[in-house]
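Everything on this sheet refers to the single structure shown next.
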Amino acid sequence: MANELPFEKPLIELRAKIEEIRKFGIEKEIDIAEEINRLEQRYADLEVEIYSNLSASQKMQIARHPMRPTTLDYIQHIFEDFIELHGDRSYGDDLAIVGGIAKLNGIPVTIVGHQKGKDTKDNIARNFGMPHPEGFRKGLRIMNQANKFKRPIITFIDTPGAYPGGAAEERGQAEAIAKNLLEMAGFRVPIICIVIGEGGSGGALALGVGNRVLMLENAIYSVSSPEAAASILYKDASKSLLAAESMKITANYIQDFGVADDIIPEPKGGAHQNVKEQAENIKDTILRHLEQLNGLDEFEIKEDRYKKFRGIGSFTTLENVF
Amino acid sequence: MFKDLFNKKRKYATIPSENSKRDNIPEGLMNKCSKCGTIQFNKELEKNLKVCSGCGYHFRLNAKERFQITLDEGRLFEFDSEMISEDPLEFPGYKEKIKKHQEKTGSKDAVITGEGTIGGFPVVVAGMSFEFFGGSMGSVVGEKVTRAIETAMNKNYPLIIFSTSGGARMEESILSLMQMAKTSAALKKFSDQGGLYISIITDPTFGGVPASFAMLGDYIIAEPGAAFGFTGRRVIEQTIRQNLPETFQTAEFNLKHGQLDKVVSRDQMRSTLIKLLDLHLTKEESDYGE
């Protein structure tokens with residue numbers, strides 16, 4: 001297994017031991033089937049133990065795994081006839097966000113998502129999935145088109161956050177994000193948002209105002225990246241693991257807070273272990289939720305989305321306390 | 001006058017000037033400007049709307065001070081004054097921090113909302129205070145701003161928000177983030193209904209607030225020198241080691257880059273608002289007659 005994570009080490013070691021014994025048995029022509037079975041059972045148990053008790057920071061490592069499938073991977077597996085669309089018509093084509101039109105089981109849909117790179121070169125071109133304003137504006141342009149032609153919108157969320165840079169600020173990073181939130185709230189078509197990896201800050205939310213917000217099992221979603229939060233909270237970016245735990249960024253918590261509507265299971269060890277299986281899970285879940293929204297008219301679609309976000313928050317009034 | 005239609009009988013609470021005195025300025029008779037070093041009497045500074053007589057530096061105001069110099073007779077009918085934050089994430093130390101800020105400032109959270117009149121025009125207003133938890137937006141700020149937008153929508157009043165914020169409140173993580181969507185969605189409804197929203201950006205305004213309601217005004221005005229943007233200068237310099245110009249993210253810089261309608265000094269703010277309100281209500285009035 002390439003690119004294993006630190007907490008997967010016991011599994012890697014056990015796998016190596018099993019292979020070693022198997023090889024030894026073949027070389028010496030000894031029947032070790034029983035021993036191998038015993039070890040395989042132990043491996044399976046260990047796998048369950050490790051993967052079903054992942055901490056927030058371990059999930060964060062899976063969510064950021066270099067082999068983690070990206071928006072374009074899922075597009076390839078879930079949709080047919082994808083046509084990628086480029087540019088915001090005003091400044092440039094930000095490769096940190098991709099979008100286009102395709103068919104989902106024969107239905108025309110619009111897709112927009114953050115795009116991380118597959119290797120160093122690709123990551124530089126895609127700015128590690130951190131959009132500039134023109135990226136958000138490209139996304140909005142493509143979503144506006146969906147609203148015009150009455151196509152459902154599917155967004156894939158996977159970004160550490162909006163890019164923190166001078167040029168991004170000059171071109172209105174804050175305004176670009178704000179405008180996406182405003183416009184997405186008003187679309188008359190169903191919007192399904194899926195957090196596939198990292199949902200970091202306003203840069204994630206700028207594609208996240210949907211009728212449904214779904215999260216992959218190991219995906220994370222938070223107000224800022226755990227590193228940025230640690231530098232604000234503890235004045236120390238290296239305390240990101242502590243911030244990751246305290247900020248309750250995992251899918252179960254996000255569902256408890258009423259933000260995520262559904263959690264999409266991942267293959268053992270994470271989405272990168274079986275992209276095809278993962279894509280099928282996602283596709284089934286999207287279809288199920290689109291089906292649920294099918295009976296609503298344009299006004300009801302908007303209201304459904306408004307109600308979802310209107311109800312999020314935790315506060316009390318002093319009258320209630322006393 | 002059409003605007004007289006709005007003048008319903010209301011119980012107004014006058015904000016006592018004693019409350020808001022010297023909140024941002026060290027105790028004592030005199031004050032030294034942090035920008036130019038000019039030493040001036042506090043009384044003079046107050047009279048000058050907390051603008052330095054030497055260099056024009058706009059000292060930070062809290063929400064109460066802001067309403068006092070903006071609303072007619074400083075009178076505000078406050079909404080949701082008793083709303084307080086819960087600790088939804090059971091975040092270590094959060095409750096204590098909230099309590100500390102409540103005691104320090106005498107406010108319940110970083111925003112005060114309500115209604116009043118400006119030059120006789122009824123308005124719904126929200127004012128943020130940087131002194132409370134760095135003006136950070138959590139559930140309370142998001143909810144109070146959203147309710148203010150909804151009230152403006154129901155009463156068909158113009159909405160004016162004075163923003164200042166260090167960003168989202170980390171201690172409420174995802175719930176803080178979602179307040180951006182909540183306020184923006186409410187503004188979309190308000191805007192579709194034809195509601196007028198004037199956003200005033202004051203020093204400093206960063207993160208989730210400008211990335212939602214502060215940058216969604218029909219008119220966006222900033223005070224001179226007010227720094228605002230998404231990511232603050234220090235973070236940009238630290239993360240990508242970029243050299244940024246001296247004026248980076250100031251109101252004047254943002255005006256030059258097309259992010260603002262206007263930079264308006266504090267002594268002109270009230271009259272500017274009255275002009276804007278008048279321009280809009282006049283139009284409304286003629287529609288009304290049809």
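Below, chain A is the first sequence line, B the second, and so on; all start at residue 1.
- When all heavy atoms are compared, the tightest approach of A/E170 to B/F253 is CG-CZ, 3.4 Å.
- Using a 4.0 Å cut-off between charged side-chain N and carboxylate O, B/E150 and A/R310 make a salt bridge.
- Expressed to the nearest 0.5 Å, how far CD1 of B/I174 lies from CD of A/Q255 amounts to 13.0 Å.
- At distances below 3.5 Å, at least one donor-acceptor pair connects side-chain atoms of A/K248 with backbone N or O atoms of B/L89.
- Neither the backbone nor the side chain of B/F206 comes within less than 4.5 Å of any heavy atom in chain A.
- Of the two parts of A/I312, the backbone and the side chain both hold a non-hydrogen atom closer than 4.5 Å to a non-hydrogen atom of chain B.
- For the options B/G93, B/G258, B/G232, B/P210, heavy-atom pairs under 4.5 Å to chain A are most numerous at B/P210.
- When heavy atoms are compared at a cutoff of 4.5 Å, B/K97 approaches chain A solely by way of its side chain, counted from C-beta outward.
- Counting heavy-atom pairs under 4.5 Å between each of B/P245, B/G207, B/S184 and chain A puts B/S184 at the top.
- Closest non-hydrogen pair, A/A162 versus B/F230, comes out as CB-CE2, 3.6 Å.
- With a 4.5 Å cut-off on non-hydrogen atoms, A/S201 touches chain B through its backbone and its side chain both.
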A/E303 and B/K189: salt bridge (charged side-chain N to carboxylate O under 4.0 Å, His left out), yes or no, with the steps?
-> CA-CA 10 Å; A/E303 271 310 293; B/K189 278 197 169 187; 2.8 Å; yes
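- Of the listed residues (B/G229, B/S139, B/S212, B/S173), the greatest number of heavy-atom pairs within a distance under 4.5 Å of chain A belongs to B/S173.
- For A/Y306, the part sitting under 4.5 Å from any heavy atom of chain B is the side chain, from C-beta outward, and nothing else.
- Side-chain contact annotation: A/E175 with B/Q259, donor-acceptor N/O pair under 3.5 Å absent.
- Proximity of B/D80 to A/T317: side-chain heavy atoms (C-beta onward) are nowhere separated by under 4.5 Å.
- Of the listed residues (B/Q179, B/E237, B/K188), the one with the most heavy-atom contacts under 4.5 Å to chain A is B/K188.
- Here CG of A/L182 is found 13.5 Å from CZ of B/F213. Values are rounded to the nearest 0.5 Å.
- Atom CD1 of A/I232 is separated from atom CE of B/M170 by 3.5 Å, given to the nearest 0.5 angstrom.
- Comparing B/Q238, B/K108, B/M180, B/R233 by heavy-atom pairs within less than 4.5 Å of chain A, the highest count is held by B/M180.
- Nearest approach of A/G166 to B/I236, heavy atoms of both residues: N-CG2, 4.0 Å.
- To the nearest 0.5 angstrom, A/E169 atom CD is 5.0 Å from B/F248 atom CZ.
- Neither the backbone nor the side chain of A/R305 comes within contact range of chain B; no heavy atom of the residue lies under 4.5 Å from a heavy atom of that chain.
- Among the candidates B/L244, B/D192, B/L177, the residue making the largest number of heavy-atom pairs closer than 4.5 Å to chain A is B/L177.
- Looking at heavy atoms from C-beta onward, B/E172 lies out of side-chain contact with A/V223 at the 4.5 angstrom threshold.
- Using a 4.5 Å cut-off between heavy atoms, B/L187 touches chain A through backbone and side chain atoms alike.
- To the nearest 0.5 Å, atom CG of residue B/L175 and atom CZ of residue A/F315 are 11.0 Å apart.
- Taken to the nearest 0.5 Å, the CE atom of A/M247 stands 10.0 Å off from the OG atom of B/S176.
- Under 3.5 Å, the side chains of A/T316 and B/E86 contain no donor-acceptor pair of N or O atoms.
- No part of B/A214 comes within reach of chain A, as not one of its non-hydrogen atoms sits under 4.5 angstrom from that chain.
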Would B/E171 and A/L233 satisfy side chain to side chain contact (heavy atoms under 4.5 Å, CB included), going step by step from the backbone distance to the final call?
-> CA-CA 9 Å; B/E171 289 84 350; A/L233 286 164; 3.3 Å; yes
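- With a threshold of 4.5 angstrom between heavy atoms, A/E245 does not approach chain B through any atom at all.
- Minimum interatomic distance between A/L205 and B/A181 (heavy atoms only, all atoms of both residues): CD2-N, 3.9 Å.
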